[in-house]
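The analysis underlying the following values was restricted to heavy atoms, covering all of them including side chains, and did not include hydrogens, waters or symmetry mates.
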Amino acid sequence: MKNNCIDDFLRMVPAFSEVSDQALNEIKTHLYKEHYPKGGIIFQQGDPVTALYIVEMGKIEIYKDDEEGKRLTMWFINPAEMFCVPTLIFGKAIASAEAVKDTLLYCLDKEHFDRILREFPEFSTGLLLCLSNRILSYSNSVDKIAFNSTVSRIAEILLTHKTADEEGNTVCLLSQTDITSLAGICRETVCRTLNKLKADHIISVKYRMIIIHDLQKLKALCKERGTYPLPCRERDG
């Protein structure tokens, strides 16, 4: 990126949107890039992390897993979003980070991060906004797992990650593995739930794409608290 392009990109990052030009130039001076292929691990929970990361291109999954390998996706980091602010404060990663697709990251080492934070207090305001939004996102995730039925969790995931394809269809490009991690349930349950939504003509599945046919019914299911009938022996919500 040329300098003016870098400036435009950094201004898209919420934490940098209101900083002075002087602060932005200082940040820009110390940035460097790292590349991670799809499946590349940026860090794992408990690892020491000494840099702030900003996604230029690609997508990062932030997740936790247990000893049996069960994964819970906390959120995804998209272009022009930063991550690792809590990690820099606590010193160790509170979750793991993996590249969902080929990814380019801008990195800012902790020593420069700490100095810029001291010299340019307006940077703190942007970071607090970033942290507040992340805490809200985490709180919402906990609420959904604790109180919502399985189908409402999956319905909301489909709606949150919906997009339009070349033919104008409303689609979700997440895999069943992605949905499993985001919903915090087993893959078998995800499969059963998607099959029930297909049987009710709310969605259909084509190759690796979930096509949403009835947005209104899907939105209504987001409010359900365990009343939606699932064709299985037991329910997760």
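- Using a 4.5 Å heavy-atom cutoff, the side chains of K196 and V151 are not in contact.
- By the rule that hydrophobic residues join a cluster once side-chain heavy atoms approach within less than 4.5 Å of another member, L158 and V205 end up as members of one cluster.
- Sparse packing is recorded around CD of E18, with 12 or fewer heavy atoms of other residues, nucleotides or ligands lying under 6.0 Å away.
- Residues Y53 and W75 fall within the same hydrophobic cluster, defined by Ile, Leu, Val, Met, Phe, Trp and Tyr side chains chained together at heavy-atom separations under 4.5 Å.
- L10 places a side-chain heavy atom less than 4.5 Å from the side chain of L31.
- For R11 and D7, the salt-bridge test fails: no basic side-chain N is under 4.0 Å from an acidic carboxylate O.
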Decide yes or no on side chain to side chain contact (heavy atoms under 4.5 Å, CB included) for F113 and F123, but give the supporting numbers first.
CA-CA 10 Å; F113 172 85; F123 185 27; 4.0 Å; yes
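- Put simply, the side chain of M57 does not reach to within 4.5 Å of the side chain of P79, judged on heavy atoms.
- Hydrophobic cluster membership is shared by M74 and I42, with clusters built from Ile, Leu, Val, Met, Phe, Trp and Tyr side chains linked at under 4.5 angstrom.
- Aromatic ring orientation, F76 versus H161: perpendicular (interplanar angle above 60°, classes split at 30° and 60°).
- The two atoms that bring E122 and V19 nearest to each other are CG-CA, 3.7 Å, heavy atoms only.
- Summarising the geometry of A80 relative to P14, their closest heavy-atom pair is O-CD, 3.7 Å, with the distance given to 0.1 Å.
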Run the salt bridge (Lys or Arg N to Asp or Glu O under 4.0 Å) check on D109 and R115 step by step: do they pass?
CA-CA 10 Å; D109 284 338; R115 183 176 56 77; over 6 Å; no
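- Note that CD1 of I6 is 12.5 Å distant from CD1 of I27, once rounded to the nearest 0.5 Å.
- Taking both residues in full, the closest heavy atoms of L159 and C222 are given as CD1-SG, 3.4 Å, listed atom of the first, atom of the second, then distance.
- For the atom pair L108 CG and I116 CD1, the distance stands at 5.0 Å (nearest 0.5 Å).
- If you take CG on D214 and CG on D200, they are separated by 10.0 Å, rounding to the nearest 0.5 Å.
- Between the SG atom of C191 and the CD1 atom of I179 there is a distance of 10.5 Å, given to the nearest 0.5 Å.
- Considering all non-hydrogen atoms of both residues, L117 and S124 come closest at CD1-OG, 3.5 Å.
- A donor-acceptor pair under 3.5 Å links the side-chain atoms of T103 to the main chain of K101, judged by distance alone.
- A183 approaches R153 most closely through the heavy-atom pair O-NH1, 2.8 Å.
- The two residues N78 and V55 have their closest heavy-atom pair at O-CB, 3.5 Å.
- Inter-residue side-chain proximity for F9 and I54 is flagged as met; some heavy-atom pair is nearer than 4.5 Å.
- In this structure, L127 is a member of the same hydrophobic cluster as L88, with clusters built from ILVMFWY side-chain heavy atoms closer than 4.5 Å.
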Before giving the answer on side chain to side chain contact (heavy atoms under 4.5 Å, CB included), spell out for I211 and H213 the whole-Å C-alpha distance, their side-chain angles and the decisive distance to 0.1 Å.
CA-CA 6 Å; I211 303 173; H213 298 294; 3.7 Å; yes
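- The shortest distance between side-chain heavy atoms of L197 and I210 does not fall below 4.5 Å.
- By the 4.0 Å N-to-carboxylate-O rule, R118 lies too far from D114 to be salt-bridged with it.
- Between atom CD of residue Q216 and atom CD1 of residue I202 there is a gap of 11.5 Å, rounded to the nearest 0.5 Å.
- When each of Q44, R71, K59 is paired with E98, the side-chain hydrogen bond (donor to acceptor under 3.5 Å, both in side chains) condition holds for R71 and for no other.
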Just do the side chain to side chain contact (heavy atoms under 4.5 Å, CB included) check on R187 and T177 with the steps written out, would you?
CA-CA 7 Å; R187 181 159 180 164; T177 300; 2.7 Å; yes
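- The shortest distance between side-chain heavy atoms of D102 and H35 falls below 4.5 Å.
- Y63 pairs by the ring pair (Phe, Tyr, Trp, His ring centres under 6.0 Å) definition with nothing, not counting sequence neighbours.
- Put simply, I154 and V171 are part of two different groups of oily side chains (I, L, V, M, F, W, Y) that touch within less than 4.5 Å, one to the next.
- In this structure, H112 NE2 and L52 CG are separated by 12.5 Å, a value rounded to the nearest 0.5 Å.
- Two residues are said to be in side-chain contact when any heavy atoms from C-beta on lie closer than 4.5 Å; S152 and L221 fail this criterion.
- The closest donor-acceptor contact from the side chain of D178 to the backbone of S175 lies under 3.5 Å.
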Side chain to side chain contact (heavy atoms under 4.5 Å, CB included) between L173 and M209: does it pass, once the steps are laid out?
CA-CA 5 Å; L173 302 179; M209 177 189 302; 4.0 Å; yes
